[in-house]
Amino acid sequence: MLDMSVILTIGSVCVGFVVMVTAASGARGGWNRTGVIALFVTALCFLTVVPLTVALTAGV
């Protein structure tokens, strides 16, 4: 069975990927610049900060 930290990391990366694709689509579609930047920052957090925090907390 998968450990909870692995499930959280996989989920975070999946959500980060979806947010990144949404931000890229918004950038091409001419959305509000502030909103697109906020989406990119959110995606960056989901792709890097959350998995790193989970890894350091799990003692990997």
Side-chain angles (χ1 to χ4, degrees):
M1 214 57 200
L2 290 175
D3 192 25
M4 188 61 181
S5 61
V6 174
I7 294 171
L8 185 61
T9 301
I10 291 171
S12 173
V13 170
C14 289
V15 169
F17 179 73
V18 169
V19 174
M20 181 69 76
V21 169
T22 304
S25 174
R28 284 189 52 94
W31 292 1
N32 183 8
R33 183 182 174 117
T34 307
V36 171
I37 292 172
L39 283 173
F40 274 122
V41 169
T42 304
L44 186 66
C45 288
F46 275 111
L47 290 171
T48 58
V49 174
V50 174
L52 183 61
T53 304
V54 169
L56 291 176
T57 315
V60 173

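Partners of T22 by side chain to side chain contact (heavy atoms under 4.5 Å, CB included), not counting sequence neighbours, listed by chain and number: V18, W31, L39. Residues satisfying the side chain to side chain contact (heavy atoms under 4.5 Å, CB included) test with V21, not counting sequence neighbours, are F17. Taking N32 as the reference, T34 meet the side chain to side chain contact (heavy atoms under 4.5 Å, CB included) condition, with sequence neighbours excluded.
For the pair T9/V50, no side-chain contact is recorded, criterion being any heavy-atom separation below 4.5 Å from C-beta on.
Residues V49 and T53 come closest through the heavy atom pair O-OG1, 2.7 Å. Here the shortest heavy-atom pairing between V13 and P51 reads CG2-CG, 4.1 Å.
To the nearest 0.5 Å, atom CG of residue L56 and atom OG of residue S5 are 11.5 Å apart. The distance from atom OG1 of T42 to atom CE of M20, rounded to the nearest 0.5 Å, is 10.0 Å. In this structure, CG in L52 is found 9.0 Å from OG1 in T57, a value given to the nearest 0.5 Å.
S12 places a side-chain N or O within 3.5 Å of a backbone atom of F46 that can act as its donor or acceptor partner.
In the hydrophobic cluster analysis, where Ile, Leu, Val, Met, Phe, Trp and Tyr join through side-chain heavy atoms closer than 4.5 angstrom, I7 is grouped together with I10.
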